[in-house]
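Notes for the one structure printed next.
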Amino acid sequence: MPRFVRYLLPLALFLAMAGLLYRGLSIDPRLVPSPLVGKSAPVFSLARLEDPAATLSNADFKGQVSLLNVWATWCVSCRAEHQVLMQLSKSTDVAIYGLNYKDERPAALRWLQQFGDPYRANAFDADGRVGIDWGVYGTPETFIIDKQGVIRHKHTGPLTWDIVQHEIMPLVKQLQAETG
Amino acid sequence: MIPELGHFALILALCLALVLAVVPLLGTFTRTPAWVALARPLAWGQFLFLALAFAALVHAFLVDDFSVLYVANHGNTQLPEIYKISAVWGAHEGSLLLWVLILSGWMVAVSLFGRHLPDEVQARVLSVMGMVSIGFLSFLLFTSNPFERVFPIPAEGGELNPLLQDPGLAIHPPMLYMGYVGMSVAFSFAIAALIGGRLDAAWARWSRPWTLVAWVFLTVGIVLGSWWAYNELGWGGWWFWDPVENASFMPWLAGTALVHSLAVTEKRGAFRRWTVLLALLAFSLSLLGTFLVRSGVLTSVHAFASDPARGLFILMFLMLVIGGSLLLYAVRAPDISRGGGFAAVSRESFLLGNNVLLVLMTALVLIGTLAPLLYDALGWGKISVGFPWFNSMLVTFMPLMVILMGIGPLTRWKQQEPAELLGRLRLAAVISVGAGLAVALPLLGDSWALGLALALSVWLLTTLLMGLRQRLRAKGGVASLWTDLAGRGGRSYYGMWLAHLGVAFFILGITVATQFDIEKDERMSPGQSVEVAGYDFRFDGVKVVQGPNYQAHRGTLQVTRNGAEVAVLYPEKRVYQVQRKPMTESGIDAGFMRDLYVSLGEPLDNGDWSLRLYYKPLVRWIWFGGLLIAAGGLLAASDPRYRHLLHRRTVGGAVPAGGHA
Amino acid sequence: MKIARLLIIGLLSLRVLPALAGVEMFDFSGNVNEDRYMALISQLRCLVCQNQSLADSDADLAHDLRVEVYEHMQKGENDRQVIDFLVSRYGDFVLYKPPVKPSTYLLWYGPFVLLALGVVVVVINIRRRGRQSETTFSKEEQARIAALLGDEQDGERGK
């Protein structure tokens with residue numbers, strides 16, 4: 001019955017849209033996926049937080065699976081995820097590096113002293129330029145980098161133990177098994 | 001105690017709505033007059049309880065009752081009284097309460113001014129509106145209770161968002177809601193007609209004034225929102241294609257198509273299916289807007305606290321109301337007869353083109369708004385769709401619309417001799433194109449935009465003047481203008497005339513304000529002068545000022561032109577007590593032909609400040625055009641044809657159900 | 001969703017330096033054209049805001065990105081290069097004007113397809129009406145309508 005069908009069109013279109021809206025309820029519209037996944041880590045070289053005379057650069061990522069965690073003392077959720085990072089640094093051998101983003105050196109050092117230091121080393125990004133190169137838009141963010149220095153995953157937002165177990169560690173183990 | 005009473009009143013309102021949705025509607029099928037007669041008192045009762053609930057919330061704000069969570073979040077002891085009241089609708093729960101209060105207000109209006117309707121029709125309309133009320137009242141009571149208590153009671157409230165502490169924003173939501181909700185009347189008339197099986201000129205004539213008034217409110221609401229954004233946001237923008245703005249524009253576009261389509265159905269009996277569908281569409285888009293603003297599905301500066309759980313509730317409600325109505329349409333529409341035929345060249349065909357274009361533009365806005373979501377959901381990447389895309393599309397479609405707007409009113413109903421029409425239009429076309437080219441050529445760069453805008457506006461103006469001349473001649477000269485306005489059908493015509501004129505102002509305003517505005521970011525020392533577009537702005541320094549609930553840096557700028565004083569402007573940078581984010585309050589010298597606009601930037605060394613100075617030509621034409629459109633609608637709605645309906649009781653009220661028109 | 005919000009709150013929570021407004025004092029007397037700069041930053045999205053462009057936003061990141069745009073323009077890069085710089089780091093999301101590529105053909109060309117469809121609908125509709133015989137309402141329908149509306153005589157024929 002073609003005539004009847006024509007009048008069903010508005011309903012059909014609406015149902016399609018409703019389906020889309022339903023799907024939309026579980027999507028976060030503010031989450032920006034990173035175009036850097038699958039590409040080599042951006043080239044950078046910054047003074048270390050702990051020792052300004054030394055540098056941290058992307059060359060340091062070669063040879064092992066690393067995490068780069070972008071954090072700052074003014075970031076409330078970074079405080080929330082810090083314990084997870086401490087736990088992670090104690091229970092696994094993945095190299096955790098930090099990018100101290102737009103922060104003050106004394107405050108950052110004090111913070112690490114007070115709450116613990118899970119990082120092998122921290123790069124001190126005072127003006128945030130390196131952060132921009134990494135596509136940082138909101139702290140905390142965590143990148144997983146493989147043995148060749150290629151970014152394989154980015155997590156935006158604070159880490160929870162749940163996320164670490166289900167999202168981070170499986171990939172880390174897989175990457176560690178890969179030959180360098 | 002009073003908040004509990006308010007809460008209780010809400011529950012009672014829901015109970016009444018439940019009865020209203022079922023009993024009178026059932027009564028129209030079982031032919032039980034007693035049940036049908038319940039519709040009006042139930043509508044009144046619902047309104048009464050909602051008014052009580054609303055009053056309870058207003059009271060809670062006025063006495064700073066921070067034991068109510070909503071008041072604790074958005075109220076504040078230092079808030080000026082007027083903002084304590086407007087804080088009631090400044091956030092999610094309270095604005096929903098306002099929404100449903102206004103809905104019941106419209107229901108009362110239908111019961112008061114709809115006495116000429118057959119009882120059955122009025123009862124069905126009120127029942128459908130009652131169904132909508134159930135949805136909103138349930139949503140309020142189960143997920144968004146404005147009367148929820150908080151313990152321990154905070155000493156001070158969270159304060160109304162400083163951006164909302166402005167008179168424009170105090171009336172903008174109520175106006176907008178009057179429009180959104182008003183579309184439910186046309187919607188309910190359409191549903192009632194689909195149920196009853198009769199869709200004739202009577203239905204169209206009943207619907208039309210309600211639809212027009214709702215559409216006028218919506219127009220005014222949108223204009224107010226735009227004007228408020230311009231005043232408050234500090235960078236002179238007035239439309240951002242933000243999802244929530246789009247959510248108000250879509251029902252407006254559909255509503256515009258609807259008022260035109262209703263005119264055709266009323267006069268010629270044609271377009272019945274279109275009109276019904278548009279009536280369903282306009283309110284559906286209002287509801288969709290409610291979803292978009294409150295569900296967190298899209299990012300918007302306007303969004304209320306976004307909560308996917310609430311979003312799900314609204315989505316289910318949408319499925320019921322919109323899905324249900326469109327299903328009813330699918331079932332009943334094939335039986336609606338087609339109505340009057342018309343020739344290929346006739347006013348009907350131009351109005352059909354107009355309908356299609358407006359629906360297309362609505363679809364456009366919808367596509368642009370939902371595209372990011374669509375792409376994300378399908379895994380095609382994350383994109384943003386903003387003003388560049390919307391502007392490109394609108395600039396393509398608007399001229400087509402405007403061309404039709406010029407031709408339609410000059411065309412005869414049913415059948416028009418093409419040669420005659422072309423003859424009439426030739427002159428208008430020549431003048432418009434001429435004007436457009438004249439303006440486009442000598443200037444360089446963006447002049448094509450002005451040329452196009454001018455051509456379109458002149459086209460509208462000349463065709464309007466031609467139509468006016470034609471009508472006055474037919475009615476007996478200029479002297480007949482008065483009787484024409486007083487008589488039947490006159491106001492409908494002049495309403496159209498005003499509204500179309502408003503569009504011309506609107507187009508010119510937008511084009512000139514965006515193409516020829518001048519913006520200068522300057523670092524200024526006290527005493528220094530900067531020239532913008534022939535106006536000299538002298539910066540006289542900044543001092544600290546204390547407001548009722550904020551502290552501000554207030555700058556003084558003397559504006560002169562050729563030595564003569566034009567204005568003194570006081571841009572401010574305010575920091576409110578609780579929400580300490582700085583807010584700009586621009587200094588504006590408004591004029592019909594131009595605005596001078598100053599925004600305070602930041603303090604630099606040596607007492608210098610960075611300032612943003614604007615010269616904005618014809619920006620007021622944008623809102624003036626919008627207000628003309630609203631005035632036109634109001635004029636058309638006041639046509640004596642509709643008023644005279646108020647005073648008559650129908651001959652033999654009951655209408656037999658079934659049968660087709 | 002909660003996490004994202006915490007993140008935003010975290011970011012915005014305390015960067016209260018006096019220089020907050022979106023009015024940097026850039027020097028436009030050199031090779032950076034002010035209009036071009038304004039046009040660019042109006043088209044670029046502030047990633048931490050609720051739908052604002054770089055031009056309109058007060059946020060810290062917006063300030064940083066505006067500085068980047070300016071500096072790239074100063075180096076002599078054209079619009080395409082500045083945009084590529086940002087897109088390679090943040091993806092297409094940072095552009096308010098979606099790039100025209102196969103995945104966005106639907107978005108850019110779809111409306112014109114719809115317009116064509118609309119024209120077809122109108123043409124078909126008009127043709128069909130023209131062929132249909134003239135009926136508005138039957139005599140009894142008209143009488144019923146008149147009774148309902150309480151019209152004695154209506155006088156108007158389509159005005």
Side-chain angles (χ1 to χ4, degrees), chain A residues 6 9 13 24-42 44 70-82 101-104 107 125-142 151 154-160 162-163 167, chain C residues 1-17 19 44-52 54 57 59-72 82-96 99 101 106 110 114 117-118 120-121 124-125 128:
Chain A
R6 186 185 344 145
L9 189 61
L13 287 173
L25 286 174
S26 42
I27 293 179
D28 179 4
R30 318 260 333 248
L31 196 65
V32 186
S34 175
L36 297 175
V37 172
K39 301 209 170 72
S40 288
F44 73 98
V70 183
W71 65 280
T73 55
W74 45 262
C75 154
V76 174
S77 5
C78 301
R79 176 78 192 86
E81 75 166 0
H82 197 76
Y101 179 72
K102 302 194 77 171
D103 214 342
E104 317 265 314
D125 186 12
D127 58 9
R129 298 288 182 130
V130 171
I132 290 179
D133 280 339
W134 282 75
V136 169
Y137 65 98
T139 48
E141 296 180 3
T142 308
I151 300 177
K154 173 182 175 181
H155 179 85
T156 313
L159 294 171
T160 64
D162 210 42
I163 293 171
E167 191 183 315
Chain C
M1 320 307 127
K2 289 257 166 70
I3 290 174
R5 272 204 272 146
L6 267 177
L7 185 154
I8 302 308
I9 294 171
L11 176 62
L12 295 179
S13 63
L14 234 324
R15 291 307 274 168
V16 185
L17 311 166
L44 294 165
R45 185 173 190 151
C46 162
L47 297 144
V48 295
C49 309
Q50 305 263 67
N51 200 29
Q52 280 180 309
L54 287 188
S57 167
D60 239 28
L61 181 64
H63 165 80
D64 292 344
L65 290 177
R66 282 194 297 268
V67 169
E68 289 282 340
V69 170
Y70 179 78
E71 290 181 355
H72 281 259
V82 176
I83 288 176
D84 280 343
F85 173 80
L86 286 170
V87 170
S88 59
R89 284 151 181 76
Y90 292 103
D92 289 332
F93 187 70
V94 78
L95 295 173
Y96 268 126
K101 53 189 198 194
L106 179 69
L114 283 179
L117 263 170
V120 166
V121 163
I124 291 182
N125 226 298
R128 193 183 295 141

Q) Roughly how far apart are A/Asp133 CG and C/Arg89 CZ, rounded to 0.5 Å? A) 4.5 Å
Q. Out of curiosity, A/Arg129 CZ to C/Asp64 CG, how far, rounded to the nearest 0.5 Å?
A. 8.0 Å
Q: For C/Leu61 and A/Lys102, run side-chain contact (heavy atoms from CB on, under 4.5 Å): C-alpha distance rounded to whole Å, both residues' side-chain angles, the deciding distance at 0.1 Å, then the answer.
A: CA-CA 10 Å; C/Leu61 181 64; A/Lys102 302 194 77 171; over 6 Å; no
Q: Could you tell me which portion of C/Val94 (side chain, backbone, both or neither) has an atom closer than 4.5 angstrom to a non-hydrogen atom of chain A?
A: neither
Q) Is it the backbone or the side chain of C/Cys49 that comes under 4.5 Å from a heavy atom of chain A, or both, or neither? A) backbone
(Q) Under 4.5 Å from any heavy atom of chain C, what part of A/Pro33 do you find: side chain, backbone, both or neither? (A) backbone
Q | Top contributor to chain C contacts, counting heavy-atom pairs under 4.5 Å, from A/Val136, A/Leu36, A/Val32, A/Ile132 | A | A/Ile132
Q: Please report the closest heavy-atom contact between C/Gly91 and A/Pro35, naming both atoms and the distance.
A: N-CG, 3.4 Å
(Q) How close do A/Gly131 and C/Tyr90 get, counting heavy atoms only, and between which atoms? (A) O-OH, 4.5 Å
